[in-house]
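Structure record follows, encoded as structure tokens.
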Amino acid sequence: MARAIKLISLLLCFCSHALLSLGSKNNISTSTDEFALLSFKSMASLGQSSSLLASWNTSSHYCTWPGVACGSRHPSRVVALRLASSNLSGRISPLLGNLTFLRELVLDDNKLHGPMPLELGHLGRLQVLNMSKNLLEGSIPKTLGGCRELKKLDLHDNQLQGEIPHEIGALENLITLSLSKNSLAGEIPQSLAGLTSIRNLSLYANRLSGDVPPFLGNLTSLQVIELHENMLSGSIPSSLGMLPSLSWLSLGSNHLSGLIPDSIWNISSLVRLSVNHNMLSGAIPRDAFNNVPRLQRLFMDFNQFDGPIPASIGNASDMEMLQLINNSFSGILPTALGRLRNLSFLQLSVNFFEAKKPKDWEFISALTNCSELQGSLPQEIGNLKNLIVFNAESNSLSGEIPSTIGECQVLQYLFLQNNTLNGSIPSSLSQMSALEFLDLSSNNLSGQIPKTLENLTTLHHLNLSFNNLDGQVPGLGIFANFTAISIQGNGKLCGGIKGLHLKPCPVQLLPKKKHKFLVIPIVISVLVTALVIVALLCMFLIWRKRTKKTVPSAESKHGHPLISYSQLLRATNDFSEANLLGSGSFGSVYKGELNYPDCESTNLVAVKVLKLQTPKAHKTFTAECEALRNMRHRNLVKILTVCSSIDAMGNDFKAIVYDFMPNGSLENWLHPNRNGLEEQRYLNLLERVTILLDVAYALDHLHHHGPEPIVHCDLKSSNVLLDADMVAHVGDFGLAKVLVQGTSLLQQSSSSVGFRGTIGYAAPEYGAGNVVSIHGDIYSYGILVLETITGNKPTESRYRQGLMSLREHVDLALYDRTMDDAVDTRLSTDLENELHTMGDDSSYKRKMDCVAALLSLGVSCTQELPSGRMPTDSIIKELLAIKDSLLR
């Protein structure tokens, strides 16, 4: 009886449990989803506080958590996890594979690292997987082949390695596959032929090898193919010309050879074709441009193409960018180029073109680098209304400079040096109100320097040296700044300001007949002048008496204690040339010894005296004080005091006093003068990395951690100063801009924003007049990194002549694995000597890996698109890893 009762009880218990299980099925799945999310939180926010994930707790239902979305049919099941740009770090929890109803997993633009979990392959309903712009490592899981509903797979800009899994070819619903900017190797798998729905295929900036697969021509939905910056070889398959919707074909920076198939020139939907930096050859077909009416960008530079540019180019009416440099193109430039009204970027140098007729010049519309030119400059050059840069230096140009060149109203940079131009300098140059750089040196120009050039308020570099000029040198405008002009090699010039050290001009006597009529006016003018001088002297003495009563520690409007002009005069020994540390467009810097209470432990200072006669110098004084007023950081120069006064002649005087940096600028260490200081001024690899890290810390503070975001706008090696301990300090904030917090607008007016910074360092978008941003500083920093490791200035003539930029030089060296051609000779010699001395191959390899990482960092920071540049926190993390490797 007891056994029967027990059996009945067990049976009832079992039935009850079964009913409870059926009734709580949703609760079990609910707890599974919640547990998976909490596991993700615990791993993804490890070591970092995330305000977004902080609200993920059991006090509220997980379907209400930020970034989490649940379904309508199954309201307790998670269908989307959207956490892009959420400052996540740590690793990805494998328990995400339990979110079996998940359709979207978006984790891009974070700092997640480690491998991708294999369990993601369990997400059979997943349609979007985006983990781009993280630090993911290891290989792409083969299990992703189980995500059969996947439409978008985006893993670009990570640190993934290995081959592309063949299993991805099973994702027949895939529309977008983006695996670019990783370290993937091997061939493009044949299995990708199964991606019949794919429209966008982006595999660029990897280490892929083998051929460009012909099967891509069978994927008829393809619109974008990006395979550039790999190690692909062989020829371009003609099957690509069968793609009816292809708009973007990018195959540059590979090892491709042979011809461009004729079928490519028949893709009527083609907008961009990029085959630059390969070993391709042959000519452009005569009717090539008849069949690509939408083509906007064509990049064929650095190949072996020959033949002429066909006249059919005129039919590509949407063409914006045409780059053909460094080939063997020849023939007369077709006048049909003049019909390309949208053309804004054209490079034709290092070919065999002829440009002898005036109409052959009419096609240039915005940015042009010309070489191998001969003949004279045509009068029609004035038709180039949109010309910004005209560089025709070191050619065989002859004849006179046409006066019509003054009609190029937006021209900013004119380089005509090293030709055989003759005649006089046209006074019409003074009409070019945007002109900043003018170089006419090493020609046969004669006559006087036009006095009207004094009116060019934007001009801050003028080189007229080594011509046959004569007469008096003007004294106003740019001519009042002897450091901004170069006129040596013109033996008949006279006059000018004292700094030029020219002989006085002879007095021009008037004819004798007129002498008697001028005696009385001359006497009167002399008397009036004497009275004016006496009055001014009295006023000066009264002013000087009053200023002696001024308290030196009075606060200026910029928040810094004022200092008198006489104090600075004594401190710098009357601003003697012996104390001159350097000079720029807006000011000269002197070493001084100042007895002043706020100078802390040292009385050695650097005094920047503003050249107030230079346009915009007042603005640079205000900008520098404004930028540094509330900034305090170990790697920023410190303003000790300012001086806003009047000099001994009664002129306005403004100066800024900084801490003195005894080790000078980074520029002086990287490019020492040829005076026996090479051995003394040398930086080893660790010192260079440390300096770059200091500068990165300074930028990070300016951009993200000050009272307001500040954009430096002129970061370069001469503005990186080194103290006694070789700690780097970023200085010269004369072009800095303070951004309004939370927006991209400026506190100062941005209506007149033009080219900002220094040629070679300034971001390309500034040349187009874009508003300044922190991305521009990142570009300049990237150039600084490349300069520091290569020892090459970005402004060297070989880079300015359009053959190849410093970035392109490094980029090519990295992909051709010819780093020895790119690294500073002194640095590579030092590392090789250490190898021979120590005999430690592993140490040498580790250091060379660090050099490669630094060059890659510089390339990454100088991407053409501002949004693609590395942020400061990632730069710092990368440099810390490199420094740690060097210290091991």
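Since this is a predicted model, take the numbers as computed values, not measurements.
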Q: Decide side-chain contact (heavy atoms from CB on, under 4.5 Å) for Leu222 and Arg199; before the verdict, give the C-alpha distance in whole Å, the side-chain angles of both, and the deciding distance to 0.1 Å.
A: CA-CA 4 Å; Leu222 268 174; Arg199 298 175 191 169; 5.8 Å; no
Q: List the atom of Lys152, the atom of Asn130, and the distance in Å for their closest heavy-atom pair.
A: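 Distance-wise, the nearest heavy atoms are NZ-ND2, 4.1 Å.
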Q: For Cys850, enumerate each residue passing the disulfide bond (SG atoms under 2.5 Å apart) test, keeping only those at least two apart in sequence or located in another chain.
A: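 Cys850: no disulfide bond (SG atoms under 2.5 Å apart) contacts found.
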(Q) I'd like to know whether CZ of Arg148 has more than 12 heavy-atom contacts from other residues, nucleotides or ligands below 6.0 angstrom. (A)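 Not buried by this count: 12 neighbours or fewer within 6.0 Å.
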Q) More than 12 heavy atoms of other residues, nucleotides or ligands under 6.0 Å from CD of Gln159: is that the case? A)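 More than 12 within 6.0 Å, yes.
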Q. So, Asp154 versus His156: side-chain donor-acceptor pair below 3.5 Å or not?
A.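 Yes, a side-chain donor-acceptor pair sits under 3.5 Å.
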Q) Hey, which of Asn635, Thr872, Leu692, Leu879 is the one that makes side chain to side chain contact (heavy atoms under 4.5 Å, CB included) with Tyr697? A)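 Among Asn635, Thr872, Leu692, Leu879, the one that satisfies the side chain to side chain contact (heavy atoms under 4.5 Å, CB included) with Tyr697 is Asn635.
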Q) Between Lys845 and Asp849, is the closest basic N to carboxylate O distance under 4.0 Å? A)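 Salt bridge flag = yes for Lys845 with Asp849.
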Q. Can you say whether the rings of Trp65 and Trp56 are parallel (under 30°), tilted (30 to 60°) or perpendicular (over 60°)?
A.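 Parallel, since the angle between the ring planes stays under 30°.
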Q. To the nearest 0.5 Å, how far apart are CG in Leu160 and CG in Asn134?
A.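 Output value for this atom pair is 9.5 Å.
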Q: Tell me, please, which residues at least two apart from Lys847 pass salt bridge (charged side-chain N to carboxylate O under 4.0 Å, His left out).
A: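 Salt bridge (charged side-chain N to carboxylate O under 4.0 Å, His left out) check on Lys847 returns Glu834.
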Q. Listed by chain and number, what are the side-chain contact (heavy atoms from CB on, under 4.5 Å) partners of Ser874, not counting sequence neighbours?
A.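 Ser874 satisfies side-chain contact (heavy atoms from CB on, under 4.5 Å) with Met870, Pro871 once adjacent residues are dropped.
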